[in-house]
**Student:** 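Before I ask anything, here is the structure I am working with.
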Amino acid sequence: MKDNKNIAFLNTIYQICEMGVIGINDVFDKVKKAEFREFLESQKKEYNTILEESEKVFSSYGAKEKELGKMVKMNSKMMSEMKLIGNKEDSAIAKMMVEGTTKGITKIKEAINAYDESDKEALTLANKLLKTLENNITGLKVYL
């Protein structure tokens, strides 16, 4: 089994992707523009791909991913609802998604810096996630 530092690093990757999927699911039905929904579906597929890849790395480590807790998931839904009270326009949803994605970028950059001695496979996956998050922000700006 790989050491705990690598497993914690991989859990960070996994949980950022999981949070991205949850965030998209929380707002998807509120989005009005079809092309925005298509963009969110594309984002969700990217997150799911990274989730699947991270599960394979976990398996090679002889470990299992640590999913986000039920309270985190519930809080995400409640926060989405609260932030959109009074303004359910696509631009408000995009702004909220940019804020969440920015938090993900900060978290993955911190993790990359903290776990810079992780094995190449996990580090490659982290960099793939970082690029995905940065591209997602660029794509979301269209809907602001």
**Student:** Just how far is it from atom SG of Cys17 to atom CD of Gln43, taken to the nearest 0.5 Å?
**Tutor:** 11.5 Å
**Student:** On a heavy-atom basis, which atom in Ser54 and which in Leu10 lie closest, and how many Å separate them?
**Tutor:** O-CD2, 3.8 Å
**Student:** Can you find a heavy atom in the side chain of Phe39 that is under 4.5 Å from one in the side chain of Val142?
**Tutor:** no
**Student:** Side-chain heavy atoms under 4.5 Å apart, restricted to Ile/Leu/Val/Met/Phe/Trp/Tyr: what other residues fall into the cluster of Met19, or is it alone?
**Tutor:** Ile22, Leu68, Val72
**Student:** For Glu121 versus Ser60, what's the shortest heavy-atom pair and its separation?
**Tutor:** OE1-OG, 4.1 Å
**Student:** Rounded to the nearest 0.5 Å, how far does OG1 of Thr124 lie from CG of Leu129?
**Tutor:** 12.5 Å
**Student:** What's in the same ILVMFWY side-chain cluster as Met78, cut-off under 4.5 Å, chained through other members?
**Tutor:** none
**Student:** Can you confirm whether Leu123 sits close enough to Asn127 that some side-chain heavy atom of one is under 4.5 Å from a side-chain heavy atom of the other?
**Tutor:** yes
**Student:** According to side-chain hydrogen bond (donor to acceptor under 3.5 Å, both in side chains), does anything in residues 8-27 pair up with another residue at least two apart or in another chain? List the pairs.
**Tutor:** Tyr14-Glu55, Asn25-Lys44, Asp26-Ser76
**Student:** Decide whether Leu144 and Phe28 are clustered together by the hydrophobic rule: side chain heavy atoms of Ile, Leu, Val, Met, Phe, Trp, Tyr closer than 4.5 Å, transitively.
**Tutor:** yes
**Student:** Got a sec, which pairs hit ring-ring contact (aromatic ring centres under 6.0 Å, His included) with one end in residues 64-85, sequence neighbours left out?
**Tutor:** none
**Student:** Working to the nearest 0.5 angstrom, can you tell me the gap between Ile50 CD1 and Ile13 CD1?
**Tutor:** 8.5 Å
**Student:** When rounded to the nearest 0.5 angstrom, what is the spacing between CZ in Phe58 and CG in Leu51?
**Tutor:** 10.0 Å
**Student:** Please name all residues satisfying side-chain contact (heavy atoms from CB on, under 4.5 Å) with Thr49, sequence neighbours left out, ordered by chain then number.
**Tutor:** Glu53, Lys128
**Student:** Kindly state each residue pair satisfying ring-ring contact (aromatic ring centres under 6.0 Å, His included) with at least one member in residues 73-102, sequence neighbours excluded.
**Tutor:** none
**Student:** If you look at every heavy atom in Gly104 and Ile16, which pair is closest and at what distance?
**Tutor:** O-CD1, 3.7 Å
**Student:** Provide the closest heavy-atom pair for Ile7 versus Ala63 in the form atom of the first, atom of the second, distance.
**Tutor:** CD1-CB, 3.8 Å
**Student:** What's in the same ILVMFWY side-chain cluster as Met74, cut-off under 4.5 Å, chained through other members?
**Tutor:** Met71
**Student:** List for me each residue that meets salt bridge (Lys or Arg N to Asp or Glu O under 4.0 Å) alongside Lys45, sequence neighbours excluded, and say none if there are none.
**Tutor:** none
**Student:** Mind jotting down which residue pairs meet the ring-ring contact (aromatic ring centres under 6.0 Å, His included) criterion with at least one end in residues 71-114? Sequence neighbours excluded, please.
**Tutor:** none
**Student:** Quick one: CG on Leu133 to NZ on Lys131, what's the gap to the nearest 0.5 Å?
**Tutor:** 12.0 Å
**Student:** Given side chains that start at C-beta, do those of Lys73 and Glu67 come closer than 4.5 Å, heavy atoms only?
**Tutor:** yes
**Student:** Under the salt bridge (Lys or Arg N to Asp or Glu O under 4.0 Å) rule, what pairs show up with a residue in residues 76-92, not counting sequence neighbours?
**Tutor:** Lys30-Glu81, Lys32-Glu89, Lys83-Glu99
**Student:** Can you pull the side-chain hydrogen bond (donor to acceptor under 3.5 Å, both in side chains) pairs that have at least one residue in residues 134-143, sequence neighbours excluded?
**Tutor:** Tyr47-Asn136
**Student:** Which pair of non-hydrogen atoms, one from Ala8 and one from Tyr115, has the smallest distance, and what is that distance?
**Tutor:** CB-OH, 3.6 Å
**Student:** Quick one: CG on Leu140 to NZ on Lys95, what's the gap to the nearest 0.5 Å?
**Tutor:** 13.5 Å
**Student:** Using the salt bridge (Lys or Arg N to Asp or Glu O under 4.0 Å) criterion, which residues pair with Lys33? Sequence neighbours excluded.
**Tutor:** none
**Student:** With side chains defined as the heavy atoms from C-beta onward, is the minimum distance between Asn6 and Val57 less than 4.5 Å?
**Tutor:** no
